[in-house]
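Read the structure below first, then the notes.
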Amino acid sequence: MLPAVAVLLFVGIVPLVTVFNYSFFDIFSLQQLNWVGVQWYRDILSTERFYDALARSVVFSAIVLCVQIPLGVGIALILPRGGWRQSVALMLLAAPLVVPSNMIPIMWLNLISPAGLAGRTFAWLGIAFDYKFNAIHTWLVLVIMDTWHWLGLVVVLAYSGLSGIQPAFYQAAAIDGASRFQIFRHIELPKIGGVLSMALLLRFVDSFMIYTEAFRINAGGPNGATTFLSLDLGEDIQGFNYGMAAARSMIYFLMILIVAWSFKTTMDGRKKLQTVNRA
Amino acid sequence: MGSQDMSRRNTARSLLILLAFLALAAFILLPFAQTLIVSFTSTLPRDGIPEGRFSLVNYLNVIRSPALTSSILNSFLYVMMNVALCLTVALPAAYAFARYAFVGDRHFFFMLLTFRITPPVVLSLPIFVLFAQFNLVNSPIGIALVHCLFNIPIAIWILESFIAAVPTEFDEMAYLDGHSWLSFFFRHLIPAIAPGIGVSAFFCFIFSWVEVVFARILTVTAGKPITMAINALFSFRTDIGLVMAMTVISLLPGLGMIYFVRNYISRGFIIKA
């Protein structure tokens with residue numbers, strides 16, 4: 001246990017405390033720190049820009065979760081059990097996970113460019129697809145691209161939960177004459193609840209803080225329509241505005257922490273309720 | 001008649017599932033196909049090779065460029081170090097989680113999760129400052145260390161579920177046979193959870209291989225990983241064929257890893273209820 005804690009202390013806690021410290025300074029260079037107190041926090045939280053970006057990030061995460069979680073669970077449900085077909089399907093689904101995140105937009109931009117396979121199909125179908133200037137199209141590209149990248153993770157997690165259900169449960173359900181939906185609602189869903197909540201949380205934080213992909217596709221455009229929270233942070237860092245970047249980092253970290261914490265408490269609460277009901 | 005009806009409905013159902021899977025496969029494979037096609041196409045005007053034709057020139061150019069070949073080596077180096085480091089520290093921790101109930105273990109698990117969900121962008125600046133003091137910038141050790149931030153929690157989580165699946169009698173038997181804790185660990189436990197180690201290694205490998213935020217900020221002048229080498233290829237006149245050839249090469253190790261763990265990939269995530 002100790003070695004793990006030591007490493008995480010070095011790469012996790014120490015930097016986190018450092019960011020917290022930086023966020024109260026105006027930083028010209030690391031030798032020249034000027035105490036500014038909570039000035040940065042006040043600046044960030046008083047601009048409309050922050051709330052706009054927050055709204056966009058929340059909407060993006062909501063869409064991503066609404067698409068990927070049901071789709072992933074659905075695929076896991078109809079995935080073949082055992083045999084070579086299961087291996088092939090899982091390998092296929094896991095393949096996009098191994099693509100480095102800065103290569104994903106490169107691949108997709110190539111695909112939808114006028115010379116690419118999808119681009120030529122659009123032209124052939126007579127669809128005027130313009131991800132650069134049409135905000136809806138940019139959003140579509142981002143959501144589809146993110147789904148392509150991460151769907152495999154949701155499927156793998158849901159599938160691992162499903163394969164842990166003993167056949168006896170299904171037999172009992174068959175004897176009771178349960179419908180397919182009843183089986184899903186009362187047996188499968190509760191059993192995969194644990195891994196599914198994990199998938200939900202992981203997909204939430206990663207989509208909420210999406211940076212590389214969104215930046216590469218349209219650099220937050222058109223007209224700021226895809227400027228998510230993380231893109232503003234990237235701008236601060238690139239502009240050497242470190243104090244503000246640190247304050248922003250802290251705000252984002254706290255938001256994520258609060259979501260994760262409330263998520264955990266609801267999960268624990270539900271678990272307790274279940275045990276009480278059973279007793 | 002009823003059974004005939006039923007079997008017809010079953011065939012229709014499996015046909016529908018097959019169609020769904022074909023559509024899914026097409027969706028997943030399409031970007032890969034595009035990348036592969038472009039990687040085998042000459043995309044810049046060159047002597048002797050007509051533009052837009054099939055050609056191996058991109059792959060030959062990768063081999064000819066020392067910057068590109070060394071970036072492949074750099075990536076391998078820090079990813080392997082990261083996997084080794086993560087497994088070494090995660091194994092004992094996972095064992096402790098699986099076998100002993102201690103005060104605050106649930107909270108500790110949540111804390112681990114916090115590390116996994118901390119966005120890299122948030123920590124990139126202080127990590128750079130901190131690692132510069134320890135001389136870890138431009139070195140594969142630095143990247144290997146910082147990737148532990150999200151890989152150790154994942155590794156502990158997966159290994160814990162595999163160790164928990166081994167009955168406690170297994171441990172007790174080994175102690176009764178006179179094995180010390182260390183020899184039990186290496187001779188008995190590790191072989192018993194080999195698939196779990198494989199799956200954790202797989203996830204550590206790919207998460208470290210695909211990460212770009214830390215990898216960029218920690219390689220200023222040297223030790224560039226493959227992802228940054230590809231970024232550097234973009235210029236006023238980008239040879240997109242070369243970019244795609246490098247992308248294909250960067251995918252191969254991960255796809256190879258998937259092949260090795262294909263039968264265990266979905267077994268590692270059962271959470272103790």
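Chain A is the first sequence line, chain B the second, and so forth, proteins listed ahead of strands; every chain is numbered from 1.
Checking side-chain atoms of B:Ser208 against main-chain N and O of B:Cys204 turns up no donor-acceptor pair under 3.5 Å.
Options B:Phe32, B:Tyr259, B:Phe131 differ in how many heavy-atom pairs under 4.5 Å they form with chain A, and the most are formed by B:Phe32. Of all the listed residues (B:Ile206, B:Val38, B:Leu29, B:Val212), the one sharing the greatest number of non-hydrogen pairs under 4.5 Å with chain A is B:Val212.
Using a 4.5 Å heavy-atom cutoff, the side chains of B:Arg216 and B:Thr227 are not in contact. Put simply, the side chain of B:Phe97 does not reach to within 4.5 Å of the side chain of B:Ile163, judged on heavy atoms.
Contact of B:Phe207 with chain A is made through the side chain alone, with heavy-atom distances under 4.5 Å. Proximity to chain A (any heavy atom under 4.5 Å) is shown, for B:Leu91, by neither the backbone nor the side chain. Interface residue A:Leu93: backbone and side-chain heavy atoms are both found under 4.5 Å from chain B. Proximity to chain A is limited to the side chain of B:Met244, based on heavy atoms less than 4.5 angstrom apart. Both the backbone and the side chain of A:Trp148 come within less than 4.5 Å of a heavy atom in chain B. B:Ala25 touches chain A through backbone and side chain together, each having a heavy atom under 4.5 Å away. Residue contact with chain A, scored on non-hydrogen atoms closer than 4.5 Å, involves the side chain of B:Ile240 exclusively. Residue contact with chain A, scored on non-hydrogen atoms closer than 4.5 Å, is absent for B:Phe205. Heavy atoms closer than 4.5 Å to chain B are found in the side chain of A:Leu151, but not in its backbone. With a threshold of 4.5 angstrom between heavy atoms, B:Thr35 approaches chain A through side-chain atoms but not through N, CA, C or O. Contacts between B:Leu130 and chain A at a heavy-atom distance below 4.5 Å involve the side chain alone, from C-beta outward. The part of A:Met103 that comes within reach of chain B is its side chain, from C-beta onward, which places non-hydrogen atoms under 4.5 angstrom from that chain. When heavy atoms are compared at a cutoff of 4.5 Å, A:Met91 approaches chain B by way of both its backbone and its side chain. Contact annotation for A:Val98: both backbone and side-chain heavy atoms come within less than 4.5 Å of a heavy atom of chain B. Heavy atoms closer than 4.5 Å to chain B are found in both the backbone and the side chain of A:Leu79. When heavy atoms are compared at a cutoff of 4.5 Å, B:Ile230 approaches chain A solely by way of its side chain, counted from C-beta outward.
When every heavy atom of A:Ile75 is checked against every heavy atom of B:Leu24, the shortest pair comes out as CD1-CD1, 3.7 Å.
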Intermediate values then yes/no, ring-ring contact (aromatic ring centres under 6.0 Å, His included), B:Phe203 and B:Trp157: CA-CA 11 Å; B:Phe203 277 100; B:Trp157 177 23; 8.9 Å; no
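Heavy atoms from other residues, nucleotides or ligands lying under 6.0 Å from CZ of B:Phe27 number more than 12. The neighbour count for B:Arg99 CZ, taken as heavy atoms of other residues, nucleotides or ligands under 6.0 Å away, is above 12. Heavy atoms from other residues, nucleotides or ligands lying under 6.0 Å from CD1 of A:Ile187 number more than 12.
Using cut-offs of 30° and 60° for the angle between ring planes, the B:His147 and B:Phe150 rings count as tilted.
Screening B:Ile154, B:Ile158, B:Ile152 for a side-chain contact (heavy atoms from CB on, under 4.5 Å) involving B:Ile156 leaves a single residue, B:Ile152.
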